[in-house]
Amino acid sequence: MSGSTRCLIAGNWKMNGLVQDSKDFIAQLRENPAAEHVEIALMPPFTLLHSMSKALSQKGVVLGAQNVYYEDKGAFTGSICPMMLRDAGCHYVILGHSERRSIIGESNAQIRSKLNASWLHGLEPILCIGETLEQREQGVTNHLLAEQLAVLKGAPKDKPLTVAYEPVWAIGTGKTATPEMVVETHAFVHEELQRLGKDCRVLYGGSVNPGNAKELMACKGVEGALVGGASLKADSFMQIVEAAASVAS
Ligand code: PEP
């Protein structure tokens, strides 16, 4: 983890969580052991954003959403616009998650529109990028990541951004990238971001859990984690925060 950057541990609940789960989670959240070094964020489903907003903020946890649409308002049945997310208390929005790219068919062009709309309304995007196993084995990982990062070409320099490198083959599979892979790929991502004039925090994501968090967070170029499955329970999520704090402080 780089010294001066405040790292981010962000929990992505995906399509999980009912009202009772959110109450249990909040009741079991422990205090952030190192708030000056580690920021905590949670991305529950849209249905829980507003009801969790106040309680999370009282516990020092920043709220985020898992997706947004790029239009401001109107006849877009089923979509949620940036202003609605702001209204519900969100600061972050995840964009380009591999599940949305592969299952919903989201394109880089749509992600670029969502980036612009998010920035216009004061949201901080967490832009997800990552290669499939096939792409890694074919040796095209860096090419693919550069293509996904190209959505940042010409992006305003002053708008907030976090990037999450998430190898698709490590998401929800229990497999994680080796520290060597993580260091090498994060170095490439930082280099590419610098070239695009948008160097920012880069999180690692893909089966991060309490057992591997410390080793992954200690990797050079890693400034936090995007956590799926292990963020559903407050205890395992807080163990990851504590692992990050032990490396960062
Ligand atoms: C994710 O949802 O971005 C993710 C990394 O999931 P998991 O931690 O479950 O692999």
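Positions are given from 1, in the same order as the sequence printed here. Just follow the structure's listing: the first ligand is 1, and inside any ligand the first atom is 1.
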Q: Counting only heavy atoms from other residues, nucleotides and ligands, does the tally under 6.0 Å from NZ of Lys233 exceed 12?
A: no
Q: What does the list of residues with a heavy atom under 4.0 Å from ligand 1 look like, ordered by chain and number?
A: Asn12, Lys14, His97, Glu166, Ala170, Ile171, Gly172, Gly205, Gly206, Ser207, Leu226, Val227, Gly228, Gly229
Q: Residues two or more places apart in sequence or in another chain: which of them pass ring-ring contact (aromatic ring centres under 6.0 Å, His included) with His186?
A: Tyr165
Q: Write out all pairs satisfying side chain to side chain donor-acceptor pair (under 3.5 Å) with one or both partners inside residues 69-82, taking only residues at least two apart or from two chains.
A: Asp72-His121
Q: Go through the side-chain N and O atoms of Gln28 and Asp24 and say whether any donor and acceptor fall under 3.5 Å apart.
A: no
Q: Go through the structure and list residues passing ring-ring contact (aromatic ring centres under 6.0 Å, His included) with Trp13, not counting sequence neighbours.
A: Phe25
Q: Within a 6.0 Å radius of atom CD on Glu184, are there more than 12 heavy atoms belonging to other residues, nucleotides or ligands?
A: no
